[in-house]
Amino acid sequence: MTQTLNQAVNKARQMTEHIRSDDIPSLPYGPIPNSEWRVLQVDEEWNIVVMNYRMGPWVTTPVHGHHCAATAYTLEGEWFYDDYCFQAGDIAFEIGEETHQPITKDKGATLLTTLIGGKGNDRLLENHFPDGTTQMLRTRLFKACERLTPEEFAKLDLATLFD
């Protein structure tokens with residue numbers, strides 16, 4: 001057990017990186033008008049994504065569920081789903097595949113979000129659309145968008161990154 005813990009600590013030390021999020025431009029999040037994201041870091045081995053997500057005022061996201069552990073720390077503004085109102089300093093901690101539909105009202109919101117699938121689970125989010133179709137967001141989508149400029153993002157063929 002001690003050897004495994006030591007290996008994990010050593011790996012964490014090797015992976016430590018200082019990321020200046022202000023140096024990473026925001027990208028339009030196509031499926032949701034008036035929203036942007038910045039994929040700050042992706043670990044493909046452990047299927048971990050760290051990103052900023054900004055929803056402008058009066059945004060309604062697609063209904064979605066998680067196939068991972070997800071956190072959303074509210075940096076500014078406020079957002080809602082179900083009976084919850086998240087304001088600056090609040091954290092949404094979500095485990096499980098229950099679906100929900102975040103929205104904003106007049107303030108909009110900026111979040112620091114983590115998605116943790118774990119080793120062997122690259123299925124992170126699943127959007128559910130009104131016509132009954134779904135769209136799986138896997139680690140590879142986030143990796144392809146990691147720290148891109150808007151010009152690089154415009155060249156991506158996003159359709160190849162969704163299931």
Side-chain angles (χ1 to χ4, degrees), residues 15 19 21 24-88 90-105 107-150 152-163:
M15 293 175 46
I19 301 164
S21 62
I24 301 169
S26 294
L27 305 171
Y29 189 61
I32 306 170
N34 197 19
S35 65
E36 302 174 331
W37 63 336
R38 293 189 293 181
V39 180
L40 305 173
Q41 182 70 24
V42 177
D43 181 309
E44 292 180 291
E45 180 181 358
W46 290 95
N47 296 294
I48 300 171
V49 175
V50 180
M51 66 181 183
N52 282 132
Y53 178 57
R54 188 194 66 76
M55 297 177 281
W58 307 109
V59 166
T60 300
T61 70
V63 173
H64 69 273
H66 301 269
H67 295 272
C68 64
T71 64
Y73 176 77
T74 308
L75 296 168
E76 62 185 19
E78 64 183 17
W79 58 288
F80 307 83
Y81 73 76
D82 298 336
D83 293 330
Y84 301 110
C85 171
F86 297 95
Q87 298 175 331
D90 291 349
I91 298 173
F93 181 76
E94 304 161 339
I95 296 178
E97 297 180 25
E98 183 178 321
T99 59
H100 53 272
Q101 185 172 34
I103 64 167
T104 60
K105 296 183 180 176
K107 293 184 180 181
T110 303
L111 313 175
L112 176 63
T113 301
T114 60
L115 307 172
I116 304 171
K119 212 167 195 168
N121 176 31
D122 69 338
R123 296 169 12 123
L124 301 177
L125 302 173
E126 186 171 13
N127 289 330
H128 299 266
F129 298 108
D131 65 2
T133 61
T134 62
Q135 178 185 59
M136 185 64 65
L137 284 69
R138 295 180 181 270
T139 305
R140 69 176 180 252
L141 166 69
F142 298 99
K143 186 64 176 178
C145 297
E146 182 182 34
R147 302 186 200 171
L148 290 185
T149 65
E152 293 167 327
F153 182 71
K155 294 176 186 175
L156 275 184
D157 183 1
L158 290 174
T160 63
L161 298 171
F162 293 106
D163 285 359

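Proximity of R147 to I19: side-chain heavy atoms (C-beta onward) are separated by under 4.5 Å at one or more points. The shortest side-chain heavy-atom distance between W46 and I116 does not fall under the 4.5 Å cut-off. Taking 4.5 Å as the limit, some side-chain heavy atom of L156 sits within range of a side-chain heavy atom of L148. Contact of the N52 side chain with the S26 side chain is not registered, since no non-hydrogen atoms from C-beta on lie closer than 4.5 Å. Contact annotation: the side chain of L158 approaches that of L141 to within less than 4.5 Å [non-hydrogen atoms, C-beta and beyond].
Atom CG of D131 has more than 12 neighbouring heavy atoms from other residues, nucleotides or ligands inside a 6.0 Å radius. Within 6.0 Å of NZ in K143 there are more than 12 heavy atoms belonging to other residues, nucleotides or ligands.
Residues W79 and A72 approach most closely at CZ2-CB, 3.9 Å, considering heavy atoms. Residue N47 comes nearest to G120 through the heavy atom pair ND2-N, 3.7 Å, listed as atom of the first residue, atom of the second, then distance. When every heavy atom of F162 is checked against every heavy atom of M136, the shortest pair comes out as CD2-O, 3.8 Å. Residues T61 and Y53 approach most closely at CG2-OH, 3.8 Å, considering heavy atoms.
Atom CG in L27 sits 11.5 Å away from atom CE in M51 (nearest 0.5 Å). Going from atom OG of S21 over to atom CG of L112 covers 8.5 Å, rounded to the nearest 0.5 Å. Taking CZ of R54 as the reference point, atom CD1 of I32 lies at 11.5 Å (rounded to 0.5 Å). Rounding to the nearest 0.5 Å gives a distance of 14.0 Å between CE of M55 and CH2 of W37. With rounding to the nearest 0.5 angstrom, the SG atom of C68 is 4.5 Å from the CG atom of L115. Separation of atoms CG (N127) and CD (Q101) is listed at 10.0 Å; rounding is to 0.5 Å.
Side-chain contact of T74 with D90: a donor-acceptor pair under 3.5 Å is absent, judged by distance alone.
Checked against side-chain hydrogen bond (donor to acceptor under 3.5 Å, both in side chains), E44 has no partners two or more places apart in sequence or in another chain. Partners of T160 under the side-chain hydrogen bond (donor to acceptor under 3.5 Å, both in side chains) rule, at least two apart in sequence or in another chain, do not exist in this structure. Applying the side-chain hydrogen bond (donor to acceptor under 3.5 Å, both in side chains) rule to T104 yields no partners; only residues at least two apart in sequence or on another chain are considered. Residues forming a side-chain hydrogen bond (donor to acceptor under 3.5 Å, both in side chains) with T110 (at least two apart in sequence, or on another chain): E76.
Aromatic ring pairs are classed by plane angle as parallel below 30°, tilted from 30° to 60° and perpendicular above 60°; the pair H100 and H66 is parallel. Using cut-offs of 30° and 60° on the angle between ring planes, the pair Y84 and F86 is tilted.
A side-chain contact (heavy atoms from CB on, under 4.5 Å) with F142 is found for exactly one of I48, L161, L137, V50, namely L137.
Separation of the H128 and H64 ring centroids does not fall under the 6.0 Å cut-off.
The salt bridge (Lys or Arg N to Asp or Glu O under 4.0 Å) contacts involving residues 113-125 comprise E45-K119, D122-R138, where partners must be two or more places apart or lie in separate chains. Within the structure, salt bridge (Lys or Arg N to Asp or Glu O under 4.0 Å) contacts touching residues 93-103 (residues at least two apart or in different chains) do not occur.
Ionic pairing of K155 and E152 is not present here: no N-O contact between side-chain nitrogen and carboxylate oxygen is shorter than 4.0 angstrom.
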